[in-house]
Amino acid sequence: MSRKGIYSKLITLFSLLLTILFMYTAVSKLNHLDLFQWRLERMPYISSYASLISWAVPFLELVIAGLLWFTRYRTLALYASLVLLGSFTTYIIVVLKYSDSIPCSCGGVISALGWKDHILLNISFMVLALLGIIWSKKQYNIQATQKSVQ
Amino acid sequence: MKSNFLKLVLPAFAILLAVGLAFATEESNLPYVGYIATQSGYAEIQTDCPNLGEGYCYEGLDQVFNDSGLTDPKRTWD
């Protein structure tokens with residue numbers, strides 16, 4: 001199998017995993033939107049934006065999950081995944097380090113993980129998004145090289 | 001044919017799987033019942049502490065208990 005083929009398959013696999021994650025968490029949040037908002041209201045630093053965040057986060061997750069399946073927007077969606085997961089992970093780390101009150105861990109069955117496992121899960125998905133971005137660029141470079149040779 | 005499979009069936013599978021999982025694990029997303037001390041005795045509250053870990057569970061400044069007698073402290077998750 002050519003390198004291009006391997007990169008393409010791996011990027012599709014990562015997109016699949018990220019889609020499952022984002023769809024799962026978005027549907028879990030939207031299914032109990034009032035509960036998600038209630039949890040956000042108790043979170044340090046962001047409680048005043050709870051209403052906005054409770055709509056914006058699941059909306060963004062659904063949009064990213066959709067964009068991952070359009071070749072044209074896939075790299076953008078991978079960047080967006082990295083930023084969204086990175087923001088959330090940074091927020092958790094800041095809360096755990098500097099806040100006295102450690103709030104809930106939210107989002108379906110993931111809530112059973114606890115904060116430290118949650119960070120590890122987020123970092124794992126961030127690595128997938130980052131590898132997806134790097135390999136998308138490599139794939140693009142290989143295609144460009146092949147075109148220039150022809 | 002193969003391209004269509006990747007473009008249509010895979011995302012559809014991922015979406016269906018995720019939505020199904022979200023509904024199947026709906027119950028684990030719900031908060032737990034806990035009790036806090038008040039001036040008049042106790043109050044029933046909702047909390048996210050699953051009572052699994054070592055640390056004590058707090059809602060703001062109030063310690064959360066498993067029972068209305070406020071004798072069994074609720075624990076956090078780790």
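Letters go in sequence order (proteins before strands), and every chain restarts at 1.
- Of the atoms belonging to B:Q46, heavy atoms from both backbone and side chain fall under 4.5 Å from chain A.
- For B:L21, the parts lying under 4.5 angstrom from a heavy atom of chain A are both the backbone and the side chain.
- Within the 4.5 angstrom heavy-atom criterion, atoms from both the backbone and the side chain of A:L16 approach chain B.
- The cationic atom of A:K29 (NZ for Lys, CZ for Arg) lies less than 6.0 Å from the six-membered ring centre of A:F36 and within 45° of the ring axis.
- The most heavy-atom pairs under 4.5 Å with chain B, out of A:T71, A:I20, A:V27, come from A:I20.
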Return a table of donor-acceptor pairs under 3.5 angstrom between the side chains of residues 47-57 of chain A and protein atoms on other chains or two or more places apart.
residue: A:S54; atom: OG; partner: A:A50; partner atom: O; Å: 3.3
residue: A:S54; atom: OG; partner: A:S51; partner atom: O; Å: 2.8

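- The side chain to side chain contact (heavy atoms under 4.5 Å, CB included) check on B:V33 picks up B:Y35, B:E44, with sequence neighbours excluded.
- By the 30° and 60° cut-offs, the orientation of the rings of A:H118 relative to A:F88 is perpendicular.
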